[in-house]
Engineer: 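My structure is below; once you've seen it, I'll send some questions.
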Amino acid sequence: MHVRALRQLCAPVEAAPLAAAADAAWLACYALSPRAGEPAFVPPGAIRVTSAPADQTVIVRNAERRLCVPTEVVPE
């Protein structure tokens with residue numbers, strides 16, 4: 001995959017009643033494109049999510065090729 005432009009900054013969250021730490025790193029999400037000869041991107045379909053508050057199945061529709069990585073929080 002080729003990593004392209006920055007597309008989103010996503011705030012870290014956790015399911016209620018828990019909250020993400022104030023100093024938690026944001027996620028920087030970049031667009032991706034396939035390299036020549038790579039197979040086409042296939043969305044994962046159903047994903048089982050297990051967490052302390054609840055378990056659920058998430059159906060992925062219209063998935064995009066994105067790479068999300070934690071950022072570093074720099075004090076001012």
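Starting from 1, each residue takes its place in the sequence as its number.
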Engineer: Does R66 have any salt bridge (charged side-chain N to carboxylate O under 4.0 Å, His left out) partners at least two apart in sequence or in another chain, and if so, which?
Structural biologist: E64
Engineer: Within this structure, what is the CG-NE2 distance for the pair L67 and H2, rounded to the nearest 0.5 Å?
Structural biologist: 14.0 Å
Engineer: Just jot down the disulfide bond (SG atoms under 2.5 Å apart) partners of C29, sequence neighbours excluded, or say none.
Structural biologist: C68
Engineer: Taking the side chain from T71 and the backbone from L27, do they hold a donor-acceptor pair closer than 3.5 Å?
Structural biologist: no
Engineer: Are there more than 12 heavy atoms of other residues, nucleotides or ligands under 6.0 Å from atom CD of E72?
Structural biologist: no
Engineer: State, to 0.1 Å, how close L6 and A28 come at their nearest heavy-atom pair, and which atoms those are.
Structural biologist: CD1-CB, 3.9 Å
